Amino acid sequence: QVQLVESGGGSVQAGGSLSLSCRAAGRSFSSFAMGWFRQAPGKARDFVATVSTDRGYTYYADSVRGRFTITRNNAENTVYLQMNRLEPEDTGVYYCNVHSDPENADYWGLGTQVTVTS
């Protein structure tokens, strides 16, 4: 059974920081890319950031580049998202994602709420 569990969400004032974690259980994802998505109320789920297995490649949505940092710890089977200088527009439910190859499968956590007040 594959399970992804996000943690670290909460409420913070604009300009503040928050750190998210996502730990995977059931199998190792050390060979696969991991990332974060988010979904604001009434909006579609949107890409935030991804990190490759060799950590030689990271990519961020334009809206978060320079403010967010994605990292991973393969020994812990965990991916992190450090969020700095948060803005109200960052508010939403943040979901952890793992993309598994060669089966081209995606696994998702249940999400953690991030609320940024002005």
Side-chain angles (χ1 to χ4, degrees):
Q1 177 181 332
V2 174
Q3 184 178 15
L4 304 177
V5 180
E6 302 96 338
S7 63
S11 182
V12 65
Q13 288 186 336
S17 297
L18 209 59
S19 295
L20 305 182
S21 299
C22 172
R23 185 164 188 170
R27 63 174 293 181
S28 173
F29 290 100
S30 61
S31 298
F32 308 120
M34 304 181 74
W36 291 92
F37 289 69
R38 67 187 180 188
Q39 187 169 18
K43 307 285 285 187
R45 189 172 299 187
D46 199 14
F47 169 79
V48 175
T50 189
V51 58
S52 64
T53 182
D54 60 9
R55 294 171 291 176
Y57 173 82
T58 59
Y59 186 77
Y60 300 90
D62 290 342
S63 59
V64 307
R65 186 176 293 111
R67 300 187 297 117
F68 291 10
T69 302
I70 185 170
T71 57
R72 66 188 296 164
N73 186 327
N74 287 337
E76 298 287 336
N77 216 26
T78 302
V79 63
Y80 307 91
L81 186 68
Q82 176 66 45
M83 305 184 293
N84 297 324
R85 292 183 284 126
L86 284 161
E87 305 168 353
E89 293 75 19
D90 297 317
T91 293
V93 179
Y94 283 68
Y95 297 91
C96 177
N97 167 261
V98 179
H99 183 74
S100 179
D101 285 321
E103 62 267 34
N104 195 31
D106 283 280
Y107 300 94
W108 298 91
L110 295 179
T112 185
Q113 177 70 44
V114 171
T115 302
V116 184
T117 59
S118 60

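None of the values given here were measured: they were computed from a predicted structure. Heavy atoms only: backbone and side chains are in, while hydrogens, waters and symmetry mates are out.
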key: Sidechain-backbone polar pair: Thr91 side chain, Val116 backbone, donor-acceptor under 3.5 Å   = yes
request  = Could you grab the distance from atom CG of Leu110 to atom SG of Cys96, nearest 0.5 Å is fine?
outcome  = 11.0 Å
ask   = How are the rings of Trp108 and Phe37 set to each other: parallel, tilted or perpendicular (split at 30° and 60°)?
value = perpendicular
Non-hydrogen side-chain atoms of Tyr95 and Gln39 separated by less than 4.5 Å = yes
key: Worked check of side chain to side chain contact (heavy atoms under 4.5 Å, CB included) between Gln3 and Tyr107   = CA-CA 8 Å; Gln3 184 178 15; Tyr107 300 94; over 6 Å; no
ask   = Which value, rounded to the nearest 0.5 Å, describes the distance between Ser17 atom OG and Phe68 atom CZ?
value = 9.5 Å
key: Presence of salt bridge, Glu89 and Arg67, under 4.0 angstrom   = no
key: side chain to side chain contact (heavy atoms under 4.5 Å, CB included) between Val114 and Arg38, worked out   = CA-CA 9 Å; Val114 171; Arg38 67 187 180 188; over 6 Å; no
message = So if I apply the side-chain contact (heavy atoms from CB on, under 4.5 Å) rule between Phe29 and each of Val79, Leu4, Asn74, Thr53, which one comes out positive?
response = Leu4
message = Can a side-chain donor-acceptor contact be found between Gln13 and Thr117 if the only test is distance below 3.5 angstrom?
response = no
task = Identify the heavy atoms of Ala14 and Ser118 that sit nearest to each other, and give their distance.
result = CB-CA, 4.3 Å
inquiry  = So does Ala24 get a backbone contact from the side chain of Asn77, meaning a donor-acceptor N/O pair under 3.5 Å?
reply    = yes
key: Heavy-atom closest pair, residues Arg85 and Asp90   = O-OD2, 4.5 Å
ask   = Could you state the interatomic distance from CZ (Arg72) to CZ (Phe32), rounded to the nearest 0.5 Å?
value = 10.0 Å
key: Interatomic distance, Gln82 atom CD to Leu18 atom CG [nearest 0.5 angstrom]   = 8.0 Å
request  = Check whether Tyr80 and Ile70 end up in the same hydrophobic cluster, where Ile, Leu, Val, Met, Phe, Trp and Tyr are linked by side-chain heavy atoms less than 4.5 Å apart.
outcome  = no
Backbone of Gly111 reached by a side-chain donor or acceptor of Glu6 within 3.5 Å = yes
key: Between OH on residue Tyr94 and CZ on residue Arg45, distance to nearest 0.5 Å   = 13.0 Å
task = Indicate if Val12 and Val48 have the same hydrophobic cluster label, given that clusters are the connected sets of ILVMFWY residues with side-chain heavy-atom separations under 4.5 angstrom.
result = yes
task = Scan Val64, Thr50, Asn97, Leu20 and name whichever one has a side-chain contact (heavy atoms from CB on, under 4.5 Å) with Trp36.
result = Leu20
key: Interatomic distance, Leu81 atom CG to Thr112 atom OG1 [nearest 0.5 angstrom]   = 11.0 Å
